[in-house]
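The block underneath contains the structure these notes are about, expressed in structure tokens.
Positions are given from 1, in the same order as the sequence printed here. What you see below is based on every heavy atom in this structure, not just the backbone, and it leaves out hydrogens, waters and symmetry mates.
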Amino acid sequence: MALLTVDNLRTWFHTRDGVARAVDGISFQVDPGEALGVVGESGCGKSVTFLSLLGLLPSPPARVESGTALFEGNDLLQASPAELRRVRGRRIGMVFQDPMTALNPYMTVGAQVAEPLIVHGGLGRADARAQALEALEAVGLNDAARRMDLHPHAFSGGMRQRVMIAMALVTRPPLLIADEPTTALDVTIQAQILDQLRELQAQAGMAVVLITHDLGVVASFCRRVLVMYAGRIVESAAVEDLFAAPLHPYTRALMASLPGTRPAGARLTPITGRPPDPRRLPPGCAFAPRCPLATPQCHQTAPELKEHTPIHAAACHLAGEGT
């Protein structure tokens, strides 16, 4: 049974310049204990999808237009703000993209890691502090006993990210959402953070959703991947299948444009054009204006996400062609 099942989610931003269809009818599920990657260019709707589920988008302008999101039998999209507060931090952990803005600059890191245990677990401050220290040590923060009494400005980017992970995992939630957890970190620190996440996931048996633009990170961490473009899922597959035989031209273009996803010596090829304005999406496939394989049908009719094998689906009229 799936841990999280999202069906036909639409989240639109109502602005003075028009309605931006940031997330436009996506469906997916997350199984217990799995590692799911969600990839795509900036602005494709990756983060908005999960912020919608947790009730963390400003409303207005954001509004969930349709959909259901069943988590442990309850629809997150129908939950009250109080119910969502009980879920966030207790049953669903979140590692935000920028730890410097996500952490409170006026609180010590130890107090911030302990806070979910006090709010959600009902622990006293002494017990919460002891468990916070254990959590900080578990994510590899050196000299954690001393550093937990420091404020976020005293930490490097990698250390702050470790603090965010400790805060998200201290209540041992069954689902962790990690939004670009390695952005702006050097390669060595990236590897350490991912190794730490992998180890903690194995120990706790939790599911992890990794939101990223980096297919190399997905290849090293995830078992399954969703590729998003212009607010929609355009491909869904097991990681091995996606890298062996990508079906959607956008996925192939991503692989051709990113280091680490091409054969040795192969040249990087940028994706021509720009992603569409979500307020003015084209009538057909949103990728058609940038796609070298596009036909008149692609410009006129939006393709549906269809299975080509039981574990590989793509939303493309020409899925698999041009490989």
* Asked: Please walk me through it: do L84 and L54 pass side-chain contact (heavy atoms from CB on, under 4.5 Å)?
  -> CA-CA 7 Å; L84 283 176; L54 296 175; 5.7 Å; no
* **Closest approach of L305 to I233 (non-hydrogen atoms, all atoms of both residues)** => CD1-O, 3.8 Å
* Asked: Just wondering, are more than 12 heavy atoms of other shown residues or ligands nearer than 6.0 Å to CD in E304?
  -> no
* To do: Starting from the C-alpha separation in whole Å, work towards a yes-or-no answer on salt bridge (Lys or Arg N to Asp or Glu O under 4.0 Å) for D277 and R21.
  => CA-CA 9 Å; D277 185 336; R21 291 180 281 174; over 6 Å; no
Side-chain donor-acceptor contacts of residues 172-179 below 3.5 Å, not counting sequence neighbours, with atom names and distances?
unit_1: D179; atom_1: OD1; unit_2: S47; atom_2: OG; d: 3.1
unit_1: D179; atom_1: OD2; unit_2: S47; atom_2: OG; d: 2.8

* Do L133 and V119 belong together in a cluster built from hydrophobic side chains that touch within less than 4.5 Å? -> no
* Asked: Same hydrophobic cluster for L70 and L4, using side-chain heavy-atom links shorter than 4.5 Å among ILVMFWY?
  -> no
* Asked: Same cluster or not: are V23 and L281 linked, directly or through other Ile, Leu, Val, Met, Phe, Trp or Tyr residues, by side-chain heavy atoms under 4.5 angstrom apart?
  -> no
* Structure fact -> Which of S66, S59, S52 passes side-chain hydrogen bond (donor to acceptor under 3.5 Å, both in side chains) with T11? Answer is S52
* Relative to the ring of W12, is the ring of H14 parallel (under 30°), tilted (30 to 60°) or perpendicular (over 60°)? -> tilted
* From F28 CZ over to D7 CG, what is the distance, rounded to the nearest 0.5 angstrom? -> 10.5 Å
* Could you walk me through whether V19 and R280 pass the side-chain contact (heavy atoms from CB on, under 4.5 Å) test, one step at a time? => CA-CA 8 Å; V19 177; R280 300 172 183 84; over 6 Å; no
* Structure fact -> Correct closest heavy-atom pair for I271 and L254 would be CD1-N, 4.0 Å
* **Linked, directly or transitively: V170 and M107 (ILVMFWY side chains, under 4.5 Å)** => no
* Other residues, nucleotides, ligands: >12 heavy atoms within 6.0 Å of R91 CZ -> yes
* To do: Starting from the C-alpha separation in whole Å, work towards a yes-or-no answer on side-chain contact (heavy atoms from CB on, under 4.5 Å) for R147 and N142.
  => CA-CA 8 Å; R147 284 180 164 156; N142 294 328; 3.7 Å; yes
* Verdict with supporting geometry, D75 and T68, side chain to side chain donor-acceptor pair (under 3.5 Å) -> CA-CA 6 Å; D75 188 352; T68 58; 5.2 Å; no
* With distance as the sole test, does H120 use its side chain to make a donor-acceptor pair with the main-chain N or O of R88 at under 3.5 Å? -> yes
* Shortest non-hydrogen contact from C298 to A288? -> O-CB, 3.9 Å
* To do: For R252 and P246, indicate whether the former's side chain and the latter's backbone hold a donor-acceptor pair under 3.5 Å.
  => yes
* **Test salt bridge (Lys or Arg N to Asp or Glu O under 4.0 Å) applied to E83 and R85, step by step** => CA-CA 5 Å; E83 290 170 333; R85 283 194 294 271; over 6 Å; no
* To do: Indicate yes or no for a side-chain donor-acceptor contact from K46 to the backbone of G40 under 3.5 Å, with no hydrogens or angles considered.
  => yes
* Asked: Under 30°, 30 to 60°, or over 60°: which ring-plane class applies to F287 and Y229, parallel, tilted or perpendicular?
  -> perpendicular
* Okay, side chain of R129, backbone of G110: is any donor-acceptor separation there less than 3.5 Å? -> no
* Asked: Should L3 and D31 count as side-chain neighbours, where that means a heavy-atom distance under 4.5 Å?
  -> no
* Structure fact -> Correct closest heavy-atom pair for Q161 and E180 would be NE2-O, 4.3 Å
* Give the intermediate values and the outcome of side chain to side chain donor-acceptor pair (under 3.5 Å) for residues E235 and T251. => CA-CA 8 Å; E235 189 158 2; T251 307; 2.7 Å; yes
* To do: Would you confirm whether R279, through its side chain, and G18, through its main-chain N or O, come within 3.5 Å as a donor-acceptor pair?
  => no
* **CA sep, side-chain torsions, deciding dist, call: V227, H248, side-chain contact (heavy atoms from CB on, under 4.5 Å)** => CA-CA 9 Å; V227 181; H248 200 283; over 6 Å; no
* To do: Scan side-chain atoms only and decide if H213 and E41 contain a donor-acceptor pair under the 3.5 Å cut-off.
  => no
* Which is it for Q196 and Q192 under the side chain to side chain donor-acceptor pair (under 3.5 Å) test, yes or no, and what are the steps along the way? -> CA-CA 6 Å; Q196 204 73 57; Q192 291 176 1; over 6 Å; no
* **Heavy-atom pair of closest approach, residues V113 and A135** => CG1-CB, 4.2 Å
* Between S220 (side chain) and V217 (backbone), is there a donor-acceptor pair under 3.5 Å? -> yes
* **More than 12 heavy atoms from other groups under 6.0 Å of CZ on R125** => no
* Check whether more than 12 heavy atoms from other residues, nucleotides or ligands sit under 6.0 Å from atom CZ of R90, and answer yes or no. => no
* Co-membership, hydrophobic cluster, residues F71 and L53, 4.5 Å side-chain -> yes
